[in-house]
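Report on the following structure.
The figures here come from the full heavy-atom set of this structure, side chains too, leaving out hydrogens, waters and symmetry mates. Here, residue 1 is the first one in the sequence, and each next residue gets the next number.
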Amino acid sequence: MTETAPRKPATERNQSSSLRRALAVLGHVRDHGDGRGVPLAQLAEALGLNKSTVLRLAGPLLDEHLLDRDRETGWFRLGHGSLRLGQAYLTTLDLRSVAAEHLRRLQREAGETVHLTVWQAPGIVYLDKVEDETNVRMASRVGSRAPAYCTATGKAILAWLPEEAVTEVVTAGLRPVTAWTISDESRLRADLARIRARGYSIDDRENEPEVRCVAAPIFDHTGEVTAALSVSGLTSRMTAARVRALGPAVAQVGLRISRELGSDRQPS
């Protein structure tokens, strides 16, 4: 005899439905407030609810100051409770912790070493590293520094930094590290433009002569680039074609981490 799962009481189902609809009200105001707020009629129409239902659902949100309502216009906007909630969330964020599972999954899928780096002018610092024990180890180590202009993660960050950061890197010097290092300012700037256009960067033996890397930026809740992740491997496995194939996937992982950090950035 097949057992059936017990049905939830009607009151519990109704409360769950009301919560989802209340969150939909909050989400619509968040996405369409534009600073001024959202009229009651627009909220009701957009969510397929009548005005009295919207007012009922908004009640607890107003009580907790997640929403505010303008006394003159009656329009809804986010309240200071939403700010406190957002700040509380941001204080719990740790880049390395947020990125950890994404890095491990990417390493399993790519079968190559994955790095997480952060900007420290005029270069980058390795924050985390996930590698396959069966593969040849990369020279990088957590806590070490590397130039920005000849590493995939460095260029992924540099491409979205302000002009002053690029000038600082160029002023510090573009010393050739390998025979393939981009050591000319105009070529570097052209490469950064290509990176911005496609959403990911490539280090084609520019930092280590037998290693290719592909990297993507990571953005924080303010929309600023703060870090980057990369997939690195020996040129025998990481062919130019494979690097190009991995690029969009690495960029997507960067966006997923960015969203967990509060960014609303969209794909390039």
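Distance check, rounded to the nearest 0.5 Å: CD of Gln252 to OG of Ser258 gives 10.5 Å. Residue Ile182 holds its CD1 atom at 4.5 Å from CD of Glu206, rounded to the nearest 0.5 Å. Separating the OG1 atom in Thr153 from the OH atom in Tyr126 is a distance of 5.5 Å, to the nearest 0.5 Å. How far CZ of Arg69 is from CG of Leu61: 13.0 Å, rounded to the nearest 0.5 Å. Expressed to the nearest 0.5 Å, how far CG of Leu55 lies from CZ of Phe76 amounts to 5.5 Å. Atoms OG and CG, on Ser144 and Leu127 in that order, are 11.0 Å from each other to the nearest 0.5 Å.
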task: Could you walk me through whether Gln42 and His32 pass side-chain hydrogen bond (donor to acceptor under 3.5 Å, both in side chains), step by step?
output: CA-CA 10 Å; Gln42 180 184 322; His32 300 87; 5.5 Å; no
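Of the charged side-chain nitrogens involved, none lies within less than 4.0 Å of a carboxylate oxygen, so that Glu72 and Arg36 do not count as a salt-bridged pair. Residues Asp68 and Arg77 are not paired through a salt bridge, judged by the lack of any N-O separation under 4.0 Å between the basic side chain and the carboxylate. Residues Lys155 and Asp203 are not paired through a salt bridge, judged by the lack of any N-O separation under 4.0 Å between the basic side chain and the carboxylate.
Shown here are the side-chain hydrogen bond (donor to acceptor under 3.5 Å, both in side chains) partners of Glu185, two or more places apart in sequence or in another chain: Arg189. Residues passing the side-chain hydrogen bond (donor to acceptor under 3.5 Å, both in side chains) test with Thr151, sequence neighbours excluded: none. Applying the side-chain hydrogen bond (donor to acceptor under 3.5 Å, both in side chains) criterion to Ser186, with sequence neighbours excluded, gives Asp184.
Pairing each heavy atom of Pro217 with each of Trp160, the nearest pair is CG-CZ3, 3.5 Å. Nearest heavy atom pair, residue Ala216 against residue Ala156, reads C-CB, 3.9 Å. Taking every heavy atom of both residues into account, Thr181 and Arg175 meet most closely at CG2-O, 3.9 Å. When every heavy atom of Met238 is checked against every heavy atom of Leu246, the shortest pair comes out as SD-CD1, 3.8 Å.
Side-chain atoms of Ser201 come within 3.5 Å of backbone atoms of Ala152 as a donor-acceptor pair (strictly under, hydrogens ignored).
Note on Val98: it clusters hydrophobically with Leu95, by side-chain heavy-atom contacts below 4.5 Å among ILVMFWY residues.
When each of Pro209, Ser183, Cys150 is checked for a side-chain contact (heavy atoms from CB on, under 4.5 Å) with Val177, only Cys150 meets the rule. Considering Val142, Leu103, Thr117, Val114 as possible partners of Lys129, the one that fulfils the side-chain contact (heavy atoms from CB on, under 4.5 Å) test is Val142.
Other residues, nucleotides and ligands contribute more than 12 heavy atoms inside 6.0 Å of the CD atom of Glu101.
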